[in-house]
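Presented below is the structure to which this report refers.
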Amino acid sequence: MTDNATMTTPGPRRATMCALLLLAVFAWPPSATSQDANQPDDRRIVAIADIHGALESFTSILREVGLVDDDLHWSGGDTILVQTGDFTDRGPEVRACMDLLMRLQQEARAHGGEVVVMLGNHEGMNLVGLLRDNNPADAAGFIDDDSEDRRDQAYEEWTRMRRQRAASLDQPQPRFDRDVRRVWEESHPLGYVERMQAFGPNGRYGRWLRSLATVAELDGILFMHAGLNPVYAAKSVEEMNELVASDLRRFDEAKAEMVDAGLITEHADLGGMVKAADEKASRLMAILEETGEPPGADDRRLVPTLDWVLKYQSWEMLSSEGLLWFRGLALWPEDEHDADVRELLDLQEIEHIVVGHTVQLDGIVKTRFDGAVFLADTGMLTNFYNGRPSALEIEDGRFTAVYVGERRQLYPPTDDDVLEFLRTADVVSIEDLGSSKSGARRVELEKDGVRARGIFHVIDFTRERVQIGERFHAIFRDSWRGQVAAYWMARELGLTNVPPTVQRTICDEQGSLQLWLENDGIRTNADRVQERDFPPDIEGWLGQEWVMNVFDALVFNDDRNPGNVLVDGDWKLWMIDHTRAFQSDSSIRNPEKLWRIDRHLWTALHELTAQRLATLLGPYLERSQINAVMARRDAIVEHFRRRIEESGEENVFYDLVLRPTNGGTLAEGVVGEVKRATCRRNQTHHTFTTACSQGAARLPGSFLAAR
């Protein structure tokens with residue numbers, strides 16, 4: 001009765017009929033387009049997910065991330081804004097959101113920036129006329145002085161088409177009374193006609209929407225609305241974009257053909273198209289059964305279109321497993337599908353995937369699969385989802401969730417994230433390390449499905465008048481406290497090569513808990529030497545050794561040897577085992593090793609103050625130990641001043657930024673150590689008490705003689 005009828009699924013008989021008739025019809029000609037992915041050259045990227053016509057929320061987060069000024073003009077410089085689709089439907093200001101996005105695209109380009117707007121499933125629905133989620137205010141935004149006349153004209157076109165269609169289908173002529181007019185107008189409110197035209201292939205918004213990509217790859221990150229189904233994993237970005245683009249072209253052609261055949265008007269929605277295709281297919285099938293003759297030439301040409309329309313649920317734009325709808329990355333159990341996600345990344349040659357589509361009901365941007373997937377839809381349309389506006393900022397390898405008045409780095413985990421994990425994770429198991437002379441234990445930790453291992457030291461030994469080698473100590477300390485102090489000392493200096501370490505009580509014993517380094521290729525420096533494996537970057541390697549020598553001199557590490565220096569797969573040196581550091585001796589250990597110094601470390605040494613060290617190291621060290629650190633700092637500075645006078649600054653200073661591969665905080669270098677559990681939590685989790693009762697025996701009294 002109306003082109004906006006409720007959509008129904010065509011029966012198998014209709015689909016079978018069209019399949020038979022297709023044998024007599026030419027194949028649909030293939031078409032192809034290519035959309036090049038823009039590469040950001042490591043520029044700042046800001047991703048904003050589902051907007052749904054929430055203009056105020058959208059503009060508030062744009063201001064928060066500095067992309068627009070108070071007048072909503074572009075102020076983001078060369079930043080790339082990626083909007084991952086679903087700016088249409090549900091909310092009242094869809095048109096205003098589209099106008100803003102379109103204008104910002106032009107303004108950003110003029111300032112060296114870029115706005116990448118992507119198709120979401122709701123844009124796909126609107127483009128094919130599936131209008132079930134339209135907000136009434138959406139159509140109202142298109143009303144002008146001529147809207148009533150246009151609607152009257154559209155009604156006349158519809159009644160004329162319905163009479164012609166009834167005649168061609170050998171149906172009784174329909175009656176158009178006041179009730180019919182009322183129902184039609186309810187489904188065609190003022191502004192509806194203008195909106196359908198605007199979203200059509202020749203409309204202002206329709207042309208723009210049809211130009212948008214479905215998938216974009218920027219700087220090793222894949223952006224899309226829903227998620228990448230593994231069935232597309234081997235396809236390129238261009239191929240995936242073409243799947244949706246070709247669907248849209250075929251839809252436009254199919255609709256135009258049905259309009260020309262007198263089956264629908266140009267204002268028909270998808271429900272009207274499916275109903276008309278179903279009726280026409282039924283009539284053609286009836287003729288075939290009655291006469292045994294195939295349809296005439298005009299109807300035969302129409303059959304592929306009818307067949308395609310009746311299979312609308314399998315269209316790329318509407319398929320629940322397709323590029324605009326797939327929710328697996330948001331809903332898959334991580335322990336079961338980690339390998340699937342890794343394979344997706346490998347096949348696409350990317351590191352991360354950013355999606356929207358699946359609303360995070362707590363209003364928080366999430367990361368899944370150890371930072372491989374980011375879920376950015378936080379329900380920006382607050383009166384519908386009770387969420388909040390958000391953005392995902394990507395810069396220098398860091399992924400930061402931005403809310404109005406709040407920021408939180410999601411990946412790599414910050415130092416504080418790792419420290420919090422070490423402090424609060426459940427103890428799953430404890431294991432003695434028989435090779436450790438300090439009685440260290442390996443501890444397995446678990447929290448919220450994340451598992452990692454740590455090394456737990458409880459040694460806390462102090463003895464007066466001790467001879468160690470050629471050095472006499474009035475007071476000698478061998479303590480877990482040095483482990484924690486070394487981490488905070490390194491962090492204060494801007495060094496990133498001492499693993500995160502906290503003070504913690506486990507099994508009623510107080511000690512230090514340090515993250516156990518397990519990333520690929522890690523080994524001791526002693527093993528490296530024995531394997532005769534030499535670093536590819538000798539200058540960088542020496543720079544790291546010189547930093548380590550300065551650090552050891554500062555903290556008076558009396559126990560550095562190739563066995564407590566680790567080398568990871570990226571040829572980064574990690575310094576471990578500082579239980580014998582921070583003696584009260586104010587002299588410099590091995591001054592002959594202090595040959596050169598990194599400029600950043602030189603500056604950091606000058607910025608150290610006794611007050612700052614007392615605050616930072618006071619919980620772990622005695623006052624005499626802290627005073628000794630400051631005395632050694634002064635001696636190190638004086639040592640290098642003499643070196644500069646003797647050899648010149650160019651032979652003493654060098655620039656080495658000690659940071660992990662991704663850049664940034666220390667935690668970025670150990671993100672690989674915090675691994676997703678491979679078993680379900682209820683299969684592996686043990687209580688704290690059980691772990692202690694089954695763990696290692698308590699440490700013997702002294703390890704001084706044994707070390």
Side-chain angles (χ1 to χ4, degrees), residues 35 37-38 40 43-127 133-135 137-138 141-142 195 198-200 203-216 218 223-226 241 244-245 248 324 354-357 376-378 380-381 389-394 402:
Q35 299 185 29
N38 296 307
R43 287 182 284 169
R44 175 190 183 224
I45 301 174
V46 175
I48 296 178
D50 305 45
I51 301 170
H52 283 302
L55 182 64
E56 184 177 353
S57 292
F58 181 38
T59 55
S60 70
I61 198 63
L62 285 174
R63 291 190 183 98
E64 185 71 22
V65 293
L67 295 185
V68 298
D69 59 23
D70 290 341
D71 296 322
L72 300 183
H73 290 291
W74 182 260
S75 61
D78 65 355
T79 297
I80 298 175
L81 168 62
V82 180
Q83 201 289 313
T84 61
D86 272 17
F87 40 88
T88 56
D89 283 344
R90 297 203 169 112
E93 297 180 278
V94 168
R95 187 177 188 181
C97 288
M98 291 192 295
D99 288 340
L100 177 58
L101 285 167
M102 295 168 73
R103 177 167 57 78
L104 290 179
Q105 280 187 320
Q106 298 176 355
E107 293 181 356
R109 196 174 300 116
H111 290 82
E114 189 173 357
V115 175
V116 179
V117 185
M118 315 193 73
L119 287 177
N121 63 301
H122 281 269
E123 284 71 59
M125 291 163 64
N126 276 271
L127 286 171
D133 293 322
N134 277 186
N135 188 302
D138 192 1
F142 289 83
R195 188 186 187 283
F199 275 74
R204 177 171 184 261
Y205 301 111
R207 290 193 304 271
W208 176 66
L209 288 166
R210 285 164 173 79
S211 74
L212 303 181
T214 301
V215 184
L218 304 171
F223 295 87
M224 59 190 308
H225 176 65
N241 282 327
V244 175
L248 274 171
L324 297 180
V354 175
V355 300
H357 188 48
D377 182 3
T378 56
M380 190 178 302
L381 185 60
S390 67
L392 181 64
E393 180 185 73
I394 305 166
V402 182

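The figures that follow rest on heavy atoms only: side chains count, while hydrogens, waters and symmetry mates do not.
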Euclidean distance, [Y] [atom2] relative to [X] [atom1], rounded to 0.5 Å:
X      : Y      : atom1 : atom2 : value
Arg103 : Gln106 : CZ    : CD    : 9.5 Å
Asp89  : Asn121 : CG    : CG    : 8.5 Å
Thr88  : Leu127 : OG1   : CG    : 8.0 Å

Quiz item: Where do Leu72 and Arg63 land on the side-chain contact (heavy atoms from CB on, under 4.5 Å) test, with the steps shown first?
Solution: CA-CA 8 Å; Leu72 300 183; Arg63 291 190 183 98; 3.4 Å; yes
Would you find a donor on one side and an acceptor on the other, under 3.5 Å apart, between the side chain of [X] and the backbone of [Y]?
X      : Y     : result
Glu123 : Asp86 : yes
Asp71  : His73 : no
Ser75  : Gly66 : yes
Gln83  : Ala49 : yes
Arg90  : His52 : no

Quiz item: Looking at residues at least two apart in the chain, or sitting in another chain, which of them share a side-chain contact (heavy atoms from CB on, under 4.5 Å) with Thr79?
Solution: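 Counting only residues at least two positions away or on another chain, Thr79 forms a side-chain contact (heavy atoms from CB on, under 4.5 Å) with Arg44, Val46, Leu67, Trp74.
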Quiz item: Under 3.5 Å, is there a donor-acceptor pair between the Asn134 and Asn126 side chains?
Solution: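 Yes - a donor-acceptor pair under 3.5 Å links their side chains.
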Self-check item: Residues which pass ring pair (Phe, Tyr, Trp, His ring centres under 6.0 Å) with Phe87, listed by chain and number, not counting sequence neighbours
Solution: Trp208
Quiz item: In a check of side-chain contact (heavy atoms from CB on, under 4.5 Å) between His225 and each of Asp50, Val355, Leu119, which one passes?
Solution: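 The single option meeting the side-chain contact (heavy atoms from CB on, under 4.5 Å) with His225 is Asp50.
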Quiz prompt | Criterion side-chain contact (heavy atoms from CB on, under 4.5 Å) against Val82, the qualifying member of Val117, Ile45, Val115 | solution =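 Result for side-chain contact (heavy atoms from CB on, under 4.5 Å) with Val82: Ile45.
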Identify the heavy atoms of [X] and [Y] that sit nearest to each other, and give their distance.
X      : Y      : value
Leu62  : Ile48  : CD2-CD1, 3.7 Å
Arg210 : Leu248 : CG-CD1, 4.3 Å
Pro389 : Thr378 : C-OG1, 4.1 Å

Quiz item: Once the angle between the rings of Tyr205 and Phe142 is folded into 0 to 90°, is it parallel (under 30°), tilted (30 to 60°) or perpendicular (over 60°)?
Solution: perpendicular
